[in-house]
Amino acid sequence: MDISYLLRQTVSWATVASIGERGDITWNAPTTVAARVVQKRRDLFAKNGEVVTTTSSVTMLAQPSIGDALNGREVVSVDSLVDASGATVGYTALTR
């Protein structure tokens, strides 16, 4: 199944290059990728039990990592999109 026909928007995707001793993040140069962005608020529980409020859901073909930035917002959750045959066809990232 090909989901690329759903991805009619673009996002700026910046990956984490390094994290300093004080937690300072250095970003790689951002790239523009096709995506589908839906603005919605949702509460998630972080690993430490803290409640995190997300602001958008971003669907894309490439897999972002937690901590990356999509349109300047931090990725806090990544889920795989799986078709009926069990193949991964894309990813949905929640950002805050």
Side-chain angles (χ1 to χ4, degrees):
M1 181 168 123
D2 183 20
I3 65 164
S4 59
Y5 69 94
L6 297 172
L7 311 178
R8 299 187 182 268
Q9 299 164 300
T10 59
V11 293
S12 174
W13 179 15
T15 57
V16 176
S18 64
I19 300 175
E21 293 177 11
R22 297 182 182 175
D24 301 329
I25 298 175
T26 303
W27 304 95
N28 289 315
T31 58
T32 302
V33 295
R36 180 173 187 260
V37 181
V38 178
Q39 302 298 326
K40 63 179 174 180
R41 298 182 74 81
R42 181 173 159 188
D43 291 335
L44 297 176
F45 288 102
K47 289 181 182 178
N48 62 3
E50 175 185 340
V51 176
V52 176
T53 301
T54 62
T55 57
S56 64
S57 172
V58 181
T59 302
M60 49 198 290
L61 295 176
Q63 181 179 11
S65 298
I66 293 175
D68 288 354
L70 297 174
N71 284 345
R73 295 181 175 163
E74 178 188 7
V75 174
V76 294
S77 174
V78 178
D79 292 320
S80 299
L81 297 173
V82 180
D83 67 6
S85 68
T88 301
V89 295
Y91 300 90
T92 298
L94 297 177
T95 64
R96 68 171 170 178

A.B. asks: Linking Ile, Leu, Val, Met, Phe, Trp and Tyr through side-chain heavy atoms less than 4.5 Å apart, which residues share a cluster with Val37?
C.D. replies: Val11, Trp13, Val33, Val58, Met60, Ile66, Leu70, Val75, Val78, Tyr91
A.B. asks: Sorted by first residue and then second, give each salt bridge (charged side-chain N to carboxylate O under 4.0 Å, His left out) pair with at least one member in residues 30-42; sequence neighbours left out.
C.D. replies: none
A.B. asks: With sequence neighbours left out, what residues match Ser4 under side-chain hydrogen bond (donor to acceptor under 3.5 Å, both in side chains)?
C.D. replies: Asp2
A.B. asks: List the residues meeting side-chain hydrogen bond (donor to acceptor under 3.5 Å, both in side chains) with Thr53, not counting sequence neighbours, and say none if there are none.
C.D. replies: Asp43
A.B. asks: Which pair of heavy atoms, one from Thr92 and one from Ser57, lies closest together, and at what distance?
C.D. replies: CG2-OG, 3.2 Å
A.B. asks: Pair up each side-chain donor or acceptor in residues 21-32 with any protein partner under 3.5 Å, not counting sequence neighbours, and list the distances.
C.D. replies:
residue, atom, partner, partner atom, Å
Asn28, ND2, Thr15, OG1, 2.8

A.B. asks: Who are the side-chain hydrogen bond (donor to acceptor under 3.5 Å, both in side chains) partners of Ser56, not counting sequence neighbours?
C.D. replies: Thr95
A.B. asks: List the residues meeting side-chain hydrogen bond (donor to acceptor under 3.5 Å, both in side chains) with Thr54, not counting sequence neighbours, and say none if there are none.
C.D. replies: none
A.B. asks: Who passes salt bridge (charged side-chain N to carboxylate O under 4.0 Å, His left out) against Arg96, sequence neighbours left out?
C.D. replies: Glu74
A.B. asks: Using side-chain heavy atoms (C-beta onward) and a distance below 4.5 Å, is Thr59 in contact with Leu6?
C.D. replies: no
A.B. asks: Does anything in residues 57-70 pair up under salt bridge (charged side-chain N to carboxylate O under 4.0 Å, His left out), and if so which pairs, sequence neighbours excluded?
C.D. replies: none
A.B. asks: Keeping to residues at least two apart or across chains, list the salt bridge (charged side-chain N to carboxylate O under 4.0 Å, His left out) pairs with something in residues 75-86.
C.D. replies: none
